[in-house]
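Heads up: the structure comes next, in structure tokens.
Naming: A, B, ... by sequence-line order, numbering from 1 per chain. Owing to the predicted nature of the structure, the values given are computational and were not obtained by experimental measurement.
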Protein chains: 2
Amino acid sequence: MVERTGFRDVKAEILRRIRDKTWPPGALMPNETDLAAELSCARATVNRAMRELAEQGVLDRKRKAGTRVAAAPVRRAELKIPLIRAEVEGEGAAYSYELIHRKPCPVPEFLSPYGVTGEVLSIACLHLSDGQPYQLEDRYISLTSAPAAAAQDFTVLSPNEWLIAEIPFTAVEVSFTAQAASDTEAAHLNQPPGSPIFVAERATWADGRFITFVRLSHPGAYRMTTSY
Amino acid sequence: MVERTGFRDVKAEILRRIRDKTWPPGALMPNETDLAAELSCARATVNRAMRELAEQGVLDRKRKAGTRVAAAPVRRAELKIPLIRAEVEGEGAAYSYELIHRKPCPVPEFLSPYGVTGEVLSIACLHLSDGQPYQLEDRYISLTSAPAAAAQDFTVLSPNEWLIAEIPFTAVEVSFTAQAASDTEAAHLNQPPGSPIFVAERATWADGRFITFVRLSHPGAYRMTTSY
DNA sequence: AAGTGGTCTAGACCACGTC
DNA sequence: ACGTGGTCTAGACCACTTG
């Protein structure tokens, strides 16, 4: 035996049997011990294979009940959200940054659902790719949770990069929508007013304390892609 | 010692040390053997903790070079893509379905990048939530790869659900954009023409053979959310 | 050449949840 | 009660990559 059975082999074999309907959707599969014996490898190897397939949504596992082929596989798309700078430079373009405004203000009402109190720092800025508007950033940073932000002028370093370097966060909530460009948005992004805008909104917490909320607008042509 | 050190404990400890700057971004961490000794657990336990943090984008690992705290953590949002039916019913609304058209046709030119040959089945249909248009589906199924589709009329069962049950797929590519509603789109979705539309496009393969391409349009108010 | 992560093994104990 | 997955251990060998 030149090659041992690795967990990748086990995953491939399981997927093969699902595809050829040896194990149709909903079917009960053999337990780890039996499958390990059949494929002549250790149970830990089968465990890792099955665990990863379960994480991926292909299998459903329950103690004592056993492992089944997922009946309605909830497909998961994993979106990578890199730094804007890295994203732009990754496309071979030159990245640049412009601060639009920066001022402390009371908590805007739309942030109240997030349980924010005290003052926030409101920042608007623009990220450009080869001099063309790429992403408009409208951000609010809690001065209660991140008082150090008050000392930053953000003329050179974008709030995005500053936050990542300074404030380690533990929880994030993201949502995506399509919206019509407001007049100011359209002007900054160099698009006709009312044109479709791809919007990502992100709220961030550290240890349960609200840190920042950001609204990122891209011209509609922006494409977010993933594969699996 | 009542409690053993589990891989969750190790992950938590690592994250703690990143947060309190014991290991700042870019820093070289101890190797698995040393960390295992310090935390008094097996190397495999540390390995699993570090491996999962690396998958998550928190750490960068390279053989021989060691493990470092990711300098620019590529944040990953995992989007769950459930069946439309499940999504609608999960919101407590009544799901319904309408077939708009269904006809075989030659491969449209925009599918040529995907290497599609032969005939495809073109299907348009509408998914409704409590009777209101929720998602417009414009789909093309390869009759070469999935000839069984020709026998389906799709008047009751949506192509989505039929495909999931019948054709196990192995590779998927998804992308999201914001677009302006075309006139027909606007009419079906009951939105003003030109209004922002949230579009998901998905191409699917099984064993390297192209199966289907689908364009899913939601009214702009649609919100796709995730957290981590 | 040598150090680091990547993986496998064989065995063990435990927690959960179904029967 | 008991079967199944969940996890840990201790040891081993290997592959990759850097110095």
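- Under 4.0 angstrom from either OP1 or OP2 of D:dT7 there lies no side-chain N or O belonging to B:Arg4.
- Here B:Thr5 does not reach the OP1 or OP2 of D:dC8: none of its side-chain N or O atoms lies under 4.0 Å away.
- Distance A:Asp60 CG to D:dG5 P: 13 Å, rounded to the nearest Å.
- Remark: C1' of D:dG5 and CD of A:Glu52 are 16 Å apart, rounded to the nearest angstrom.
- In this structure, A:Arg139 does not pair ionically with A:Glu201, as no charged nitrogen and carboxylate oxygen lie closer than 4.0 Å.
- Taking atom CG of residue A:Leu35 and atom P of nucleotide C:dT9, one finds them 13 Å apart after rounding to whole Å.
- Taking only distance into account, the side chain of A:Arg48 never meets the base of D:dG6 through a donor-acceptor pair shorter than 3.5 Å.
- As a whole-Å value, the separation of A:Glu32 CD from D:dG3 C1' is 12 Å.
- Ionic pairing of A:Arg48 and A:Glu32 is not present here: no N-O contact between side-chain nitrogen and carboxylate oxygen is shorter than 4.0 angstrom.
- Salt-bridge check for A:Glu52 with A:Lys11: passed, with a basic side-chain N closer than 4.0 Å to an acidic carboxylate O.
- At whole-Å resolution of the value, NZ in B:Lys64 and P in C:dG5 are 11 Å apart.
- Note on B:Thr67: a side-chain N or O is less than 4.0 Å away from OP1 or OP2 of C:dG5.
- Note on A:Glu173 versus A:Arg202: no salt bridge recorded, every NZ/NE/NH1/NH2 to OD/OE distance being 4.0 Å or above.
- Distance, B:Asn47 CG to D:dA10 C1': 14 Å, rounded to whole Å.
- At D:dT18, none of the side-chain N or O atoms of B:Arg63 fall inside 4.0 Å of OP1 or OP2 (strictly under the cut-off).
- Close to D:dG6, at under 4.0 Å from its OP1 or OP2, lies no side-chain N or O of A:Arg51.
- An OP1 or OP2 oxygen of C:dG5 is reached within less than 4.0 angstrom by no side-chain nitrogen or oxygen of B:Arg43.
- Straight-line distance from the CG atom of B:Asp9 to the P atom of D:dG6: 18 Å, rounded to whole Å.
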